[in-house]
Number of protein chains: 2
Amino acid sequence: MMSAEQGAFRALADPTRRQILMHLGSSDMTIAQVSDHFDMTRGAVRKHLTILEEGNLISVHPKGRERINRLAPEGIRAAADWLNYFNRFWDEKLSALQSAIENEQRNESEKQP
Amino acid sequence: MMSAEQGAFRALADPTRRQILMHLGSSDMTIAQVSDHFDMTRGAVRKHLTILEEGNLISVHPKGRERINRLAPEGIRAAADWLNYFNRFWDEKLSALQSAIENEQRNESEKQP
DNA sequence: TAAATATGACACCAAATGGTAATATGTCAA
DNA sequence: TTGACATATTACCATTTGGTGTCATATTTA
């Protein structure tokens, strides 16, 4: 199939889809409501929503003849967790640099007793 | 041009590029060193590195006939910040839910004085 | 200087992507 | 029950993407 990150990152790559997520942050929406915010056909918007669902960035809830689209945490978490690995990486680099500077200063002060 | 997020998310969408980032987490590498880890031509790897650079996920440092590729924080930050907006969103929802539960319990206890 | 090495620059190809339009299906409401 | 409405399905199109191969250029190094 597709790893959790792959589905999420693939979905996040398109600016329209990221805008859809922002809109769904305000409230859940039907396909028609989402496509009101965009200058493209409902068909195109629906395709984007399908890809967002595949990435677990939204969940879809059929209700009568409508289809409610709702923001979902899972995919966002998957992507955020992946990125967080690198933030940890830089934090460590930064603290290593700080230790080095502190040692430098300690050595400097020892030179003039 | 391209917004900071767009470049970063576009670059992150491809699994090969995400793997490259992981490899560069271990150490800086030339194009040849990066492509040693993949079953594809140097040309293909170079294209991926270009897209990573455009997304500010790596910085490139020419050194003689070599080209050193190094992990860069900017793009990762841009993407992580964007995703973080939604994490904040859910944290608020969750705490609102908890408050609701607490109020519910308080109201319950008031029923039997 | 000549050969080996690392990369750059193209042209090309198949498949995926983002969009359209037309038509069909299911559901609500007068 | 008959429209009207929301969505589903399908076929089609242009562009982008991820890959290849070939040849050129620049830099070491024997």
Side-chain angles (χ1 to χ4, degrees), chain A residues 1-3 5-24 27-72 75 79, chain B residues 1-3 5-24 27-70 75 79:
Chain A
M1 303 290 191
M2 216 194 262
S3 75
E5 301 118 35
Q6 180 51 27
F9 279 119
R10 176 198 177 214
L12 288 167
D14 185 273
T16 299
R17 288 194 288 268
R18 292 199 305 280
Q19 285 186 49
I20 291 177
L21 292 180
M22 300 289 289
H23 287 306
L24 291 180
S27 73
D28 301 348
M29 291 182 187
T30 65
I31 296 179
Q33 287 172 326
V34 172
S35 51
D36 279 347
H37 294 92
F38 296 93
D39 187 24
M40 66 180 74
T41 63
R42 279 183 175 79
V45 169
R46 197 202 170 274
K47 281 192 186 179
H48 284 305
L49 289 167
T50 298
I51 293 175
L52 287 169
E53 190 185 8
E54 287 172 355
N56 291 312
L57 297 171
I58 66 171
S59 59
V60 180
H61 308 270
K63 189 176 180 183
R65 65 181 157 182
E66 296 181 334
R67 222 177 82 125
I68 312 292
N69 298 276
R70 175 177 308 156
L71 226 46
Chain B
M1 314 319 187
M2 217 194 259
S3 74
E5 301 119 35
Q6 180 50 27
F9 279 121
R10 175 196 177 216
L12 288 167
D14 185 273
T16 300
R17 288 195 287 268
R18 292 199 305 279
Q19 284 187 49
I20 291 177
L21 292 179
M22 300 288 289
H23 287 305
L24 292 180
S27 72
D28 302 348
M29 290 182 186
T30 66
I31 296 179
Q33 287 172 325
V34 172
S35 51
D36 279 346
H37 294 91
F38 296 93
D39 187 25
M40 66 180 75
T41 62
R42 281 183 175 77
V45 170
R46 196 200 170 275
K47 281 193 186 180
H48 284 306
L49 289 168
T50 299
I51 293 174
L52 287 169
E53 191 186 6
E54 287 172 355
N56 291 312
L57 297 170
I58 66 170
S59 58
V60 180
H61 307 270
K63 188 177 179 181
R65 68 181 156 183
E66 294 182 334
R67 222 177 82 125
I68 311 294
N69 299 276
R70 176 176 308 155

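All chains are named by letter (A, B, ...) in the order of the sequence lines, taking the proteins before the strands, and each is independently numbered beginning at 1.
- The shortest non-hydrogen separation linking A:Arg18 to B:Ser3 is NH2-OG, 4.5 Å.
- In terms of position along DNA chain C, the nucleotide closest to B:Arg46 lies nearer the 5' end than the nucleotide closest to the other residue of the pair B:Arg46 and A:Ile51.
- Heavy atoms only, all atoms of each residue included: B:Ala13 and A:Phe9 are closest at CB-O, 3.9 Å.
- In this structure, CG in B:Asp36 is found 10.5 Å from NE2 in B:His23, a value given to the nearest 0.5 Å.
- Pairs passing the salt bridge (charged side-chain N to carboxylate O under 4.0 Å, His left out) check and including a residue from residues 38-51 of chain A, sequence neighbours excluded, do not occur.
- Between the side chain of B:Arg17 and the main chain of B:Leu12, no donor-acceptor pair closer than 3.5 Å is present.
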Compile the donor-acceptor pairs under 3.5 Å between side chains in residues 52-61 of chain A and protein atoms, sequence neighbours left out, one pair per line.
from	atom 1	to	atom 2	distance (Å)
A:Glu54	OE1	A:Arg10	NH1	3.1
A:Ser59	OG	A:His61	NE2	2.8

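- Residues from residues 62-70 of chain B with heavy atoms under 4.0 angstrom of DNA chain C, sorted by number: B:Arg65, B:Glu66, B:Arg67.
- The structure places CD1 of A:Ile20 at 6.0 Å from NE2 of A:His48, a figure rounded to the nearest 0.5 Å.
- For the residue pair B:Ala8 and B:Gly75, the shortest heavy atom distance occurs at CB-O, 3.6 Å.
- If one axis is set at each end of the helix from C:dT1-D:dA30 to C:dA30-D:dT1 from five pairs, those axes are 20° apart, to 10°.
- Both A:Arg17 and B:Thr30 lie near DNA chain C, and the one whose nearest nucleotide falls closer to the 5' end is B:Thr30.
- Between A:Gln33 and A:Met29, the shortest heavy-atom contact is OE1-CA, 3.2 Å.
- If you take OG1 on B:Thr16 and NE2 on B:His37, they are separated by 13.5 Å, rounding to the nearest 0.5 Å.
- If you check every strand for non-hydrogen atoms under 4.0 Å, B:Ala32 touches sugar and phosphate atoms only.
- A donor-acceptor pair is defined here as one N or O able to donate and one able to accept, closer than 3.5 Å; no such pair exists between the side chain of B:Glu66 and the backbone of B:Lys63.
- In summary, contact between chain B and DNA chain C, defined as any nucleotide atom under 4.0 Å from a heavy atom of the protein, begins and ends at C:dA4 to C:dG8 in the 5' to 3' direction.
- The two residues A:Ile31 and A:Leu49 make their nearest non-hydrogen contact at CG1-CD1, 3.8 Å.
- Smallest separation of non-hydrogen atoms from A:Leu24 and A:Asn69: CD2-O, 3.5 Å.
- Scanning DNA chain D 5' to 3' for nucleotides with an atom closer than 4.0 angstrom to a non-hydrogen atom of chain B gives a first and last hit of D:dT17 to D:dT28.
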